[in-house]
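The block underneath contains the structure these notes are about, expressed in C-alpha cells.
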Amino acid sequence: MCLWEGDGSVQQAGVVLLQDVFAVKVKRRRAVGQQSGGAVLGLALFHCRRRGRRLEEDALHLHNASAEHTHSWYNTLKELLTGFSGRPKYVKVFINPSSHKKEAVHIYRDSVAPLFKMADIRTDITVTDRKGHSLSVMKECKLDEYDGVVCVGGDGSVAELCHALVLRAQLDANSPEKPVRAVLPLGIIPAGSTDVVSCSVHGVRDPVTAALHIVLGHLQQVDMCSFSSNGQLVCYGFSAMFGFGGRSLARAEKKRWMSSSRRREYALVKTLARLRPEDCQLSYLSAKTSSSSLFGHRDQSKDQEQEPESEVEESWMTNQGLYLSISIMSIPCLSPHAPQGLAPNTSLDNGSASLIAVGNASRSEFIKHLKRYSSSSGQFSFPFVETHSVSAVKIRPRSLIGWSEEESDEEEYSRSTPIIQSEGASFPWNIDGELVEIANEVFIRVHPRLITLYGEEVDEAESTVSCSCI
Ligand SMILES: Nc1ncnc2c1ncn2[C@@H]1O[C@H](COP(=O)(O)OP(=O)(O)OP(=O)(O)O)[C@@H](O)[C@H]1O
C-alpha cells in the first residue's frame, strides 16, 4: 500500500493515529452517473487533524488495486474503529432555529450533518419551537435508545438541555431532592452569540470542531451548580452573575430588537453609567483543598459518588456589604471576549466553583477590572476584588429597591418570563446568559461532575473579537 496524507494533490508522508480516524470507505473508479460497482482503487480514511484548538476533517488515501487486500484492510479497520468506546451511534439532536442570527439549522445542515453521516451516526432531530420545548421532550423521550444528546444553539439552549438532562436523571432515579448525574453526554454545536459553555470545552466557537469531538467520543466530565431560592430549585447551570452582570443582561433583554452585539454594548455602557452597588449578605463555604485543587484535577475515585450535601463540617464565611458584582462559576467560562475565561481559577471538573466578589469601587476602577479580562491576567489584583474557591454560596439582597422600581423610568419592558415571580422587590440574575428574576436569598451548591460534555479541558480560547465600548 502507498500512504500519503491530504487530498491527494499534496503527497506528503505522515502519521495518522487510529484514535483520530472516524470513517473508512472503499474507493472505486466509477463512470459519471454510476451508482455501484467499479474497480477497487484502495481506501480513504477520514480523520481529524488538530490545528491549535481547532479540529479539522482530513483524509488519508491508501492506494491498492487488489480488491482482496483492500477489503481485508477495510474489515480490520472497521472492527478497530467500532472498538473505541464513547463514540455515539445514535443521537438526539435539538436545534434552536431562533438562536442568535437564526443560522442554527444551516450550521447543522452544512457543517455537522455531513460528518455525522460519514461516521454512520444516526440522528433523531427536534427543531424547537419555543422556550421549554427541549425540556418537555427530554422529560418524555426514551433515553436508552440514544448514546448522546446534541444541542445546536446558544448558551440559553445549552443551559435548558443541561438542566433537562439532570432533571431527567433525577426523575428516572426517583430522587426528587438530590441531583443525579446525567446519564447521556451532551454535545454542543455553537450557534449563539457568545457560546461560553461550548468555548469552555472546545476552546473555539467552531461547529466542525464541536462535531468532531462528538464523532470521536471525546468525553469530559463537568461540574454544575444548583440554584435555589426559598427551598425551591430554580435551575441547574454553570454560572451566575448578580449585580452588574444581572442588571446588564436585564437591560439588554429590553432591547431584543437590536442585534446581539449592539444590545450587549448598549447594556454594558448604560449599566456602567448607572453603576450602583448591591447591599447584600454574602456567605460561602470554602472548597475542601484536601480533595480538590484550585488549579488541578480531583482524584476521581474520591469524589465519584460524593454528595456535597453529606458534608458535616460546614463552616460558612459571611460578609455583609456593598458589592458591584458577584459571580459564581463552576467552569472557566471561556469566550472570545475573555480568552482566559471569566473564572480562570477554576477548571471543568475540579469539584468547586470560583466566587468572584467585586466590592464597591469607583466607575473607573471597575472598568479597569473589566478591561483586564480581555487582554491580560491581573483582573483580580485590585483591593476591592476577592476570589475564593467554593462549594456553596448564599446571597441575600438587603436592599428594598429591586430592579423594576429602579428601571421604571425606562421604556417598555419586554423581558423574558421570569422563572420565579417576585412579590416584592426582585433582582435580576444572569444564569448562563438567561435572565432570571429572584426576590429572595439565592442558594448555590456545586455538584462535582454532574454532567458529561463532548469536548476536553482547554486553558485558553481563541480570541477573535474585542469590545470597543469600554
Ligand atoms: N423556536 C424558538 N423560539 C424562541 N425561543 C426558543 C425557540 N427554541 C428555543 N428557544 C429558547 O431560546 C432561548 C435562547 O436560546 P439561545 O441561547 O440558543 O439563543 P440566543 O439567546 O440568541 O443566543 P445567545 O445566548 O448566545 O445570545 C433558550 O432559552 C431556548 O429555550
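All ligand and atom numbering here is 1-based and tracks the order in the structure. Excluded from the calculations below are hydrogen atoms, water molecules and symmetry mates; all remaining heavy atoms, backbone and side chain alike, are included. Note that the structure is a prediction, hence the values are computed from the model and not measured.
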**OP:** Could you find the nearest protein heavy atom to atom 4 (C) of ligand 1 and give me its residue, atom name and distance?
**Re:** Ser98 OG, 3.4 Å
Just distance, no hydrogens or angles: give the donor-acceptor pairs under 3.5 Å from side chains in residues 137-153, sequence neighbours left out.
from: Tyr146; atom 1: OH; to: Asp124; atom 2: OD2; distance (Å): 2.4
from: Asp147; atom 1: OD2; to: Lys89; atom 2: N; distance (Å): 2.7
from: Asp147; atom 1: OD2; to: Tyr90; atom 2: N; distance (Å): 2.9

Original post:
How far is atom 31 (O) of ligand 1 from its nearest protein heavy atom, and which residue and atom is that?
Top reply: Glu160 OE1, 2.4 Å
Original post:
What about Glu434: any of its N or O atoms under 3.5 Å from an N or O on ligand 1?
Top reply: yes
Original post:
What atoms in ligand 1 come closer than 4.0 Å to a heavy atom of Gly153?
Top reply: 18 (O)
Original post:
Where's the contact between Thr194 and ligand 1, heavy-atom distance under 4.0 Å: side chain, backbone, both or neither?
Top reply: backbone
Original post:
Salt-bridged, Glu441 to Arg398, with N to O below 4.0 Å?
Top reply: no
Subject >> SB check Glu56 Arg50 (cutoff 4.0 Å) >> reply: no
Subject >> Atom of Phe116, atom of Ala211 and distance for their closest heavy-atom approach >> reply: CE1-O, 4.2 Å
Original post:
Distance from Gln170 atom CD to Glu177 atom CD, nearest 0.5 Å?
Top reply: 8.5 Å
Original post:
In terms of atom number and element, which parts of ligand 1 are under 4.0 angstrom from non-hydrogen atoms of Ser157?
Top reply: 15 (O), 16 (P), 17 (O), 18 (O), 28 (C)
Subject >> Numbered atoms and elements of ligand 1 in range of Arg130, under 4.0 angstrom, heavy atoms >> reply: 1 (N), 2 (C), 6 (C), 7 (C), 8 (N), 9 (C), 10 (N)
Original post:
Atoms of ligand 1 less than 4.0 Å from Ser99 heavy atoms?
Top reply: 16 (P), 18 (O), 19 (O), 22 (O)
Original post:
Taking the non-hydrogen atoms of His133, is any one of them nearer than 4.0 angstrom to ligand 1?
Top reply: no
Original post:
Where is the nearest protein heavy atom to atom 8 (N) of ligand 1: which residue, which atom, and how far?
Top reply: Thr128 OG1, 2.7 Å
Subject >> Short N or O distance, Gly156 and ligand 1, threshold 3.5 Å exclusive >> reply: yes
Original post:
Is the closest basic N to carboxylate O distance between Glu278 and Arg247 below 4.0 Å?
Top reply: yes
Let me have the donor-acceptor pairs involving side chains of residues 317-333, under 3.5 Å, with sequence neighbours excluded, atom names and distances please.
from: Thr318; atom 1: OG1; to: Ser283; atom 2: OG; distance (Å): 3.1
from: Ser330; atom 1: OG; to: Asp223; atom 2: O; distance (Å): 3.2
from: Ser330; atom 1: OG; to: Phe238; atom 2: O; distance (Å): 3.2

Subject >> Which residue and heavy atom of the protein sit nearest atom 26 (O) of ligand 1, plus the separation >> reply: Ser193 N, 2.7 Å
**OP:** May I ask you to identify the nearest protein heavy atom to atom 21 (O) of ligand 1, giving residue, atom name and distance to one decimal place in Å?
**Re:** Arg256 NH2, 3.8 Å
**OP:** If you have a sec, work out which protein heavy atom is nearest atom 20 (P) of ligand 1 and how many Å separate them, to one decimal?
**Re:** His100 N, 3.8 Å
Original post:
Heavy-atom contacts under 4.0 Å between Lys131 and ligand 1: side chain, backbone, both, or neither?
Top reply: both
Original post:
Taking atom CZ of Arg262 as the centre, does the number of heavy atoms from other residues, nucleotides or ligands within less than 6.0 Å exceed 12?
Top reply: no
Subject >> Closest approach of any protein heavy atom to atom 25 (O) of ligand 1, naming residue and atom >> reply: Asp155 N, 3.9 Å
Original post:
Which ligand 1 atoms, with their elements, are less than 4.0 angstrom from a heavy-atom of Gly192?
Top reply: 23 (O), 26 (O)
Original post:
Just wondering, more than 12 heavy atoms not from Arg51 lying within 6.0 Å of its CZ?
Top reply: no
Original post:
Is the His388 ring parallel, tilted or perpendicular to the Tyr284 ring (thresholds 30°, 60°)?
Top reply: parallel
Original post:
When you measure from atom 15 (O) of ligand 1 to every protein heavy atom, which one gives the shortest distance, and what is it?
Top reply: Asn96 ND2, 3.0 Å
**OP:** To the nearest 0.5 angstrom, please state how far the NZ atom of Lys254 sits from the NZ atom of Lys270.
**Re:** 7.0 Å
